[in-house]
There are 2 protein chains.
Amino acid sequence: MSFIFNFGIPGLMEVLPADMRARFDALGVEKRYQDKQHIQSRGDQTKGFSVIKSGAVCFGKTDKEGRFITTAVLEAGQCYGEFTVFGGLPRTHDGYAEGPTVISHLSKTKFDQLLLDEPALAAPIISLLTVRLHHMLEWVDDLRRYPLRYRLGKNLLLMVKGMEDSLIAATQSELADLMGVSRVAVAQALADYKRSGFVATEYGGLRLLDKEGLRSWLRQFETIDPVVPATPLFTDAAL
Amino acid sequence: MSFIFNFGIPGLMEVLPADMRARFDALGVEKRYQDKQHIQSRGDQTKGFSVIKSGAVCFGKTDKEGRFITTAVLEAGQCYGEFTVFGGLPRTHDGYAEGPTVISHLSKTKFDQLLLDEPALAAPIISLLTVRLHHMLEWVDDLRRYPLRYRLGKNLLLMVKGMEDSLIAATQSELADLMGVSRVAVAQALADYKRSGFVATEYGGLRLLDKEGLRSWLRQFETIDPVVPATPLFTDAAL
DNA sequence: CATAAAATGTAAACTAGTTAACATTCTTGG
DNA sequence: CCAAGAATGTTAACTAGTTTACATTTTATG
């Protein structure tokens, strides 16, 4: 499962030149986590930058009643910890492993040193932050503008983009988490889609049967024309 | 009026050393705008980085029915254009001046050159993006977690922080825009606050009468403990 | 200073979400 | 292979927001 920062957003490691990646690997301390294993707590003062080598990490906050609300799930290739390194903040989220996960941790000290040694690292980091910020703005905007049955459809299409089989392996609870709504709301939206023949649900997932149909059905909601990048996001930002 | 990126977030210019600020001023082309004057349109290919010298800029998107939905209002000291410069995107929002406004525009070419000449500029930019991203995450989180009468109160308190008079000069429509809800919803929340004696509304603004009372009333909603920065955000990020 | 424009206050009908509950179906581990 | 757990499907009552409407108050303007 995944969230905001995964769809169509390449990870830092993917855009970094090989030699830089190697330096990350050399400096970082790899740590293994089992499924569900706790990684960090909101409020921790452990400052550093981390790269997910494999698996995924679920970030969120546990409220006083003990209920966990997911903020984002980052998958392999993605990094996190900017807030502690660049913002001087303690950990802002609880985090635990989703599936067996390997993470390479760099302390703030080491990371700062790396950035001093390699000023070329700044560009990809700025790019990464920019893309995430842009993504968030769009997300908030959609949240205000469109109902769930638009947003869910849009994100389902995003999820299968570039996949040949159109099978989304996420439970409805996970999709609900993803969209920040209740499971019932997701089930109802999916029931709608099913009636129109856009999707077929199955245990533990669903299949997009008619992407084009869904796409054009969604267009009825769209109140603004989408902006398409002139150059793709995340080119080697000419710094 | 202001939005997400103003409360408690210093502008780029405020954190930049004097010499760097001077370089910005030297390279940029200053342009004056009258109240309500159009500055940019979503989709424009004009790429560059801009600094608001005085006044404010309202960003948003106009939907097909012609209705404008505000995304953010940036005030003097704030900058924008990261998406065009670092993300290779066309302008993602429509923008117009709020009040007489002066903006210093740097073309992408000039800005790229400036960054090459001044690698030290990377740190404050990274910091800025980080702070904004963090703010957005918190915003989305609050959106999911809390009802309007919590979020509005929280933001009213944020707005008067550091002010001695506790007068907020924003119409209810502006507050509604700010919170991404209808004017009626804001009026109802304010009516609640009034009944409790926390605020007094007046034409074109409102006054916080009992900050401490409001603060403690808000606490009843809070489901997680706030995280406080160990070191303040936006220190000269030790790069 | 009279009138228009802007802002506030409030009610009513509606809608898209919520939680709770429960029956059903599917999968997996002993 | 069957029992337990997990996931789905669906209903019902509720709630926090929406839009529309309109009366009232305040400010700005010719």
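Numbered from 1 within each chain, the chains take letters A, B, ... in sequence-line order. Fair warning: this is a prediction, and the values are worked out from it, not measured in the lab.
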Exercise. Could you state the CZ-P distance from Arg144(A) to dT18(D), rounded to the nearest angstrom?
Worked result: 11 Å
Exercise. Between Ala185(B) and Ala187(A), which is nearer to the 5' end of DNA chain D once each is assigned its nearest nucleotide?
Worked result: Ala187(A)
Exercise. Expressed in angstrom and rounded to an integer, what is the separation of Leu148(B) atom CG from dT15(D) atom P?
Worked result: 17 Å
For this session: Return yes if a side-chain donor-acceptor contact under 3.5 Å exists between Tyr150(A) and Gln220(A), otherwise no.
Result: no
Exercise. Between Phe59(A) and His93(A), what is the ring plane arrangement, given parallel below 30°, perpendicular above 60°, and tilted in between?
Worked result: perpendicular
Exercise. Hey, which of these two, Arg195(A) or Tyr146(B), hits DNA chain D nearer its 5' end, going by closest nucleotide?
Worked result: Arg195(A)
Exercise. Which of parallel (below 30°), tilted (30 to 60°) and perpendicular (above 60°) describes Tyr33(A) and His105(A)?
Worked result: perpendicular
Exercise. Any idea which of dG17(C), dA7(D), dG9(C) is nearest the Tyr203(A) side chain?
Worked result: dA7(D)
For this session: Salt-bridge test for Lys154(B) and Glu222(B): reply yes if a basic N is under 4.0 Å from a carboxylate O, no otherwise.
Result: no
For this session: Please tell me which of the listed nucleotides, dT27(D), dA20(C), dG17(C), lies nearest to the side chain of Val184(A)?
Result: dA20(C)
Exercise. Rounded to whole angstrom units, what separation is found between the CZ atom of Phe221(B) and the C1' atom of dT15(D)?
Worked result: 13 Å
Problem set entry | Integer-rounded Å distance: dT18(C) P and Arg149(A) CZ | 13 Å
For this session: To the nearest Å, give me how far apart CG (Leu190(B)) and C1' (dA7(C)) are.
Result: 13 Å
Problem set entry | Closest to side chain of Pro147(B), choosing from dG17(C), dG9(C), dG17(D) | dG17(D)
Exercise. What nucleotide, of dG17(C), dG9(D), dG17(D), holds the atom closest to the side chain of Thr201(A)?
Worked result: dG9(D)
Problem set entry | Closest to side chain of Arg183(A), choosing from dA21(C), dG17(D), dG17(C) | dA21(C)
For this session: Check whether more than 12 heavy atoms from other residues, nucleotides or ligands sit under 6.0 Å from atom CD of Gln34(A), and answer yes or no.
Result: no
Exercise. From the list dG17(D), dT11(D), dG17(C), which nucleotide is the closest neighbour of the side chain of Gln188(A)?
Worked result: dT11(D)
Problem set entry | N/O (side chain, Ser182(A)) to phosphate O (OP1/OP2, dT18(C)) under 4.0 Å | yes
For this session: Mind calculating the distance between CG (Leu175(B)) and C1' (dG9(C)) to the nearest angstrom?
Result: 15 Å
Problem set entry | Closest to the Gln172(A) side chain, choosing from dT8(C), dT8(D), dT18(D) | dT8(D)
For this session: Nearest whole angstrom, please: distance from the P of dG17(D) to the CG of Leu152(B).
Result: 10 Å
For this session: In whole angstrom, give the distance that lies between atom CG of Leu206(A) and atom P of dC26(C).
Result: 16 Å
